[in-house]
Amino acid sequence: MARPMSDLSGTVAVVTGGSRGLGLVIARTLLERGASVCIAARGAESLERARNDLGPDRTLAVQADVSRPADVSHLIAEAGRLGPVGIVVNNAALAGPTLPAHEMPPDEFEAVIAANLIGPFLVAREALPGMIERREGSIVNIGSIAGVEAYPLRSPYCVSKWGLHGLTRTLAAEVGPYGIRVNLVAPGPTEGERAFTVISQRAEALGRPFEELRDEYAQAIPLRRFVRPHEVAEAVAFLVSSAASGITGQSFCVSGGIEI
């Protein structure tokens, strides 16, 4: 009997920012599909908790800052202990400050670009030679609806996510001839600590109550609710599977329709 097209058995996945939140949910979903998973994050304690949560079978946890080339080289080498890396999910990101552009400290702008845009480039750059040699592989970059529309008070985050669309399409064009696919998933407001922290910071910057702004976000979404992390993770799992073998260079909003 043929195995299901969603089955990832025998595949090794690297999930950056995989120690908590959406990254951890993505890692767990790929594990459930049969992949071996290497999660990466900057914090040693959060990585240890995540690996305990995921279980020791078919998992590795590697401390790495994706904006540092040496860390990224170490990450991909360590992930190779599980086998050839066939899936990369570039999820690690900084939210950055909530400030108007004319008040934005340049070093904080640069830090967001380094983590959110240079980081995915470095991880792809390190993983691609092996994928090219094997003539197979899949990369999914985690973008944001901030990369499809304006996002006042969040200029570095917005710029980084718009840039990620360009990186996704360019890489897809470059490596498609080798059988490698590169796509992007753009979540909308997603239930969890990250989104609520961002809304809290925006509420403070605007001098408005958090609850009022949170409800305003939800009402702007056609589904009238925030996206759930597992919904984003399912989109990622689909895109890295053979069920999506004809899809590359595409950006998919998992947003409840907020961008429409």
Side-chain angles (χ1 to χ4, degrees), residues 12-33 35-82 85 87-98 108 111-124 126-127 139-144 146 154 156-157 160-161 164 185 187 189-201 226-234 236-237 240:
V12 175
V14 171
V15 180
T16 67
S19 66
R20 60 183 181 178
L22 178 59
L24 182 57
V25 176
I26 291 171
R28 184 181 295 111
T29 301
L30 298 182
L31 273 172
E32 289 170 352
R33 297 293 193 281
S36 299
V37 179
C38 176
I39 57 172
R42 294 185 299 176
E45 290 184 7
S46 63
L47 275 170
E48 184 61 27
R49 286 194 299 270
R51 185 152 189 255
N52 289 337
D53 183 23
L54 295 171
D57 294 341
R58 309 193 327 273
T59 64
L60 280 177
V62 178
Q63 191 173 3
D65 180 338
V66 296
S67 68
R68 297 177 177 175
D71 282 20
V72 173
S73 295
H74 174 69
L75 166 62
I76 299 303
E78 285 294 295
R81 292 165 50 195
L82 294 170
V85 174
I87 295 169
V88 167
V89 181
N90 279 311
N91 171 72
L94 292 179
T98 301
E108 294 197 42
V112 173
I113 298 298
N116 298 9
L117 185 54
I118 296 175
F121 158 71
L122 291 174
V123 177
E126 198 68 33
I139 297 173
V140 173
N141 296 318
I142 303 300
S144 167
R154 300 289 305 289
Y157 188 80
S160 71
K161 295 303 185 178
L164 205 52
V185 171
T190 305
E191 290 180 356
E193 179 183 355
R194 169 65 67 87
F196 293 149
T197 298
V198 168
I199 294 171
S200 178
Q201 291 171 347
F226 283 37
V227 172
R228 294 162 186 142
H230 79 269
E231 294 171 324
V232 181
E234 289 291 343
V236 173
V240 301

request  = Could you walk me through whether E234 and E231 pass side chain to side chain contact (heavy atoms under 4.5 Å, CB included), step by step?
outcome  = CA-CA 5 Å; E234 289 291 343; E231 294 171 324; 5.9 Å; no
How long is the straight-line distance from [atom2] of [Y] back to [atom1] of [X], given to the nearest 0.5 Å?
| X | Y | atom1 | atom2 | value |
| --- | --- | --- | --- | --- |
| F121 | E126 | CZ | CD | 10.5 Å |
| N116 | N90 | CG | CG | 10.5 Å |
| T197 | R194 | OG1 | CZ | 8.0 Å |
| N141 | K161 | CG | NZ | 8.5 Å |
| H74 | Q63 | NE2 | CD | 9.0 Å |
| L22 | I142 | CG | CD1 | 6.0 Å |

If you take all heavy atoms of [X] and [Y], which pair is closest and at what distance?
| X | Y | answer |
| --- | --- | --- |
| L75 | A64 | CB-CB, 4.3 Å |
| G96 | V112 | CA-CG2, 3.6 Å |
| A92 | T16 | N-OG1, 2.9 Å |
| P97 | P156 | CD-CG, 4.4 Å |
| V85 | A79 | CG2-CB, 3.8 Å |
| A127 | V88 | CB-CG2, 3.8 Å |

inquiry  = Looking at R20, I'd like to know if its CZ atom is crowded, meaning that more than 12 non-hydrogen atoms belonging to other residues, nucleotides or ligands lie closer than 6.0 Å.
reply    =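 For R20, atom CZ is not crowded (no more than 12 foreign heavy atoms under 6.0 Å).
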ask   = Any chance CZ of R68 has more than 12 other-residue heavy atoms, nucleotides or ligands included, within less than 6.0 Å?
value =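 Incorrect, the count does not exceed 12.
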Looking at [X] and [Y], would you say the former's side chain and the latter's main chain have a donor-acceptor pair under 3.5 Å?
| X | Y | value |
| --- | --- | --- |
| S73 | P69 | yes |
| R154 | A95 | yes |
| T190 | R228 | no |

task = Give the C-alpha distance, both sets of side-chain angles, the deciding distance and a yes or no for side chain to side chain contact (heavy atoms under 4.5 Å, CB included) between V140 and I87.
result = CA-CA 8 Å; V140 173; I87 295 169; over 6 Å; no
Is the closest side-chain heavy-atom distance between [X] and [Y] below 4.5 Å?
| X | Y | answer |
| --- | --- | --- |
| T29 | H230 | no |
| V89 | L30 | yes |
| V66 | D71 | no |

task = List the steps, then state whether side chain to side chain contact (heavy atoms under 4.5 Å, CB included) holds for S19 with L47.
result = CA-CA 5 Å; S19 66; L47 275 170; 4.1 Å; yes
Name every donor-acceptor pair, under 3.5 Å, that has one atom in a side chain of residues 36-43 and the other anywhere in the protein, sequence neighbours excluded.
none

Worked check of side chain to side chain contact (heavy atoms under 4.5 Å, CB included) between L82 and R58 = CA-CA 7 Å; L82 294 170; R58 309 193 327 273; 5.6 Å; no
ask   = Is the closest basic N to carboxylate O distance between R51 and E48 below 4.0 Å?
value =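 No, this pair does not count.
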